[in-house]
Amino acid sequence: MSRRRIGFWYRFAAVLCKPPLVVLIKRDWRGMENIPADGGFITAVNHNSHVDPFAYAHFQYNSGRVPRFLAKSGLFSRGFVGAAMRGTGQIPVYRESTDALSAFRAAIAAVERGECVAFYPEGTLTRDPNGWPMTGKTGAARVALQTRCPVIPVAQWGANELLPPYARKPNLLPRKTHHVLAGPPVDLSRFYDREMTPDLLKDATEVIMAAVTRQLEEIRGEKAPETPYDPKLERVEQRRRTARAVVHHQKQRQRGTVQRVAEHQEEGQGK
């Protein structure tokens, strides 16, 4: 595959990052033939460790089509980090934008230039207790439907065993294996030529996430939960549990107050 547009900064980052990755983790990489040799495309990748962007970037770099990750726009103005982000062609996300589509205008432009844009559709580390992909955000679907580019579902597993989600220290021994499986493009043609409503974007996102989950099922050799973990629903349920706990506590306090009043009255009558 062509290695065009890698540039100095990406090669420099590879020189820094590849040796420790090779030492720390073994590789089981499959599906690289599904990475397009030419033209713009999206990869939709699951996220289960703070290490996996580096491990996944290693896979993608070796395919000859380097990924352009989305990152907070503020990072691009911070000294060496900002220079590296700009030099490697990472994509700033302007979260202050009120237009959901214009927030991804740089991603759309990158795809139209023939680049690979890597999306973590979950938006953060998975909170599923068993590491399965959560429900996704609609950014990848927006860019895909706007550009009609291929969307490659990619699952990864193993970096989370090296550094589990939210862990402070890595688990170095025994040496872990980073599994990656890239699948064939997701068929989103049913969503073309339709108004880009929230429901449409939600449906397209579910199709993308289902494809990513299938790849992870193959890696892990087991079935994912029928219903993906939804952090929004979990927050709602947490608020409900908190409200119930508050009400229960208030009722207990009220019972205690009533009981103390009754005891006081009994004591008064006894005198």
Side-chain angles (χ1 to χ4, degrees), residues 1-14 16-17 35-47 49-125 133 136-154 156 159 180 182 185-186 188 196 201 204-205 208-209 212:
M1 291 185 182
S2 170
R3 284 189 174 272
R4 68 194 187 286
R5 298 182 183 174
I6 290 181
F8 165 79
W9 275 101
Y10 232 122
R11 294 186 188 279
F12 180 64
L16 293 178
C17 296
I35 302 297
D38 297 291
F41 66 101
I42 286 171
T43 56
V45 193
N46 68 308
H47 191 18
S49 172
H50 288 301
V51 173
D52 68 42
F54 299 97
Y56 165 69
H58 188 189
F59 164 84
Q60 190 75 47
Y61 182 92
N62 279 26
S63 78
R65 300 299 307 277
V66 295
R68 313 299 181 183
F69 290 95
L70 278 74
K72 294 178 182 179
S73 58
L75 293 174
F76 289 74
S77 58
R78 296 182 181 178
F80 177 81
V81 172
M85 297 289 283
R86 295 190 301 272
T88 54
Q90 307 314 310
I91 299 171
V93 176
Y94 300 93
R95 297 182 183 274
E96 67 274 12
S97 173
T98 57
D99 185 335
L101 185 56
S102 68
F104 295 99
R105 61 188 181 275
I108 292 170
V111 169
E112 292 175 342
R113 289 196 307 270
E115 300 281 1
C116 165
V117 178
F119 274 89
Y120 281 115
E122 296 161 279
T124 186
L125 290 172
K137 299 182 183 299
T138 60
R142 283 181 177 276
V143 176
L145 296 181
Q146 178 76 9
T147 61
R148 299 195 179 187
C149 68
V151 178
I152 308 301
V154 182
Q156 58 179 336
V180 180
V186 181
L188 297 177
M196 207 177 294
L201 291 170
T205 300
I208 292 171
M209 294 308 299
V212 174

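Qualifying side-chain contact (heavy atoms from CB on, under 4.5 Å) partners for Ala144, counting only residues two or more places apart in sequence or in other chains: Ile42, Val151, Leu188. Residues satisfying the side-chain hydrogen bond (donor to acceptor under 3.5 Å, both in side chains) criterion with Thr138, sequence neighbours excluded, are absent altogether. Not counting sequence neighbours, the partners of Thr124 by the side-chain contact (heavy atoms from CB on, under 4.5 Å) test are Arg127, Met134, Tyr166. With sequence neighbours excluded, the residues satisfying side-chain contact (heavy atoms from CB on, under 4.5 Å) with Ala140 are Phe119. Under the side-chain contact (heavy atoms from CB on, under 4.5 Å) criterion, Phe80 pairs with Trp9, Phe12, not counting sequence neighbours. Here Thr43 pairs with Tyr56 under the side-chain hydrogen bond (donor to acceptor under 3.5 Å, both in side chains) rule; sequence neighbours left out. Residues that satisfy the side-chain hydrogen bond (donor to acceptor under 3.5 Å, both in side chains) test with His47, not counting sequence neighbours, are Asp52. Remark: Arg148 engages Asp193 in a salt bridge (charged side-chain N to carboxylate O under 4.0 Å, His left out) (not counting sequence neighbours).
The two residues Gly40 and Pro150 have their closest heavy-atom pair at O-CD, 3.4 Å. In plain terms, the two heavy atoms of Ile91 and Ala110 that are nearest each other are CD1-CB, 3.8 Å. Minimum heavy-atom separation, Ala182 to Ile35: CB-CD1, 4.3 Å.
Taking CD from Gln60 and CZ from Arg68, the interatomic distance works out to 10.5 Å, rounded to the nearest 0.5 Å. Rounding to the nearest 0.5 angstrom, the gap separating the CG atom in Leu125 from the CG atom in Asn46 is 10.5 Å. Remark: Met85 CE to Leu75 CG distance equals 5.0 Å, nearest 0.5 Å. Remark: Arg86 CZ to Phe76 CZ distance equals 9.0 Å, nearest 0.5 Å. Interatomic distance, NZ of Lys137 versus CG of Leu201, reported as 13.5 Å (0.5 Å rounding). How far CD of Glu112 is from CD1 of Ile108: 7.0 Å, rounded to the nearest 0.5 Å.
Side-chain contact check for Phe41 versus Arg65: some heavy-atom pair is nearer than 4.5 Å. Side-chain contact between His58 and Cys17: absent, with no pair of heavy atoms (C-beta onward) separated by less than 4.5 Å.
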Is there a side-chain contact (heavy atoms from CB on, under 4.5 Å) between Thr88 and Phe69? Walk through the geometry before answering.
CA-CA 10 Å; Thr88 54; Phe69 290 95; over 6 Å; no
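Surrounding CZ of Phe54 are at most 12 heavy atoms belonging to other residues, nucleotides or ligands under 6.0 Å away.
Judged purely by atom type and a 3.5 angstrom limit, Glu115 has no side-chain atom pairing as donor or acceptor with the backbone of Arg113.
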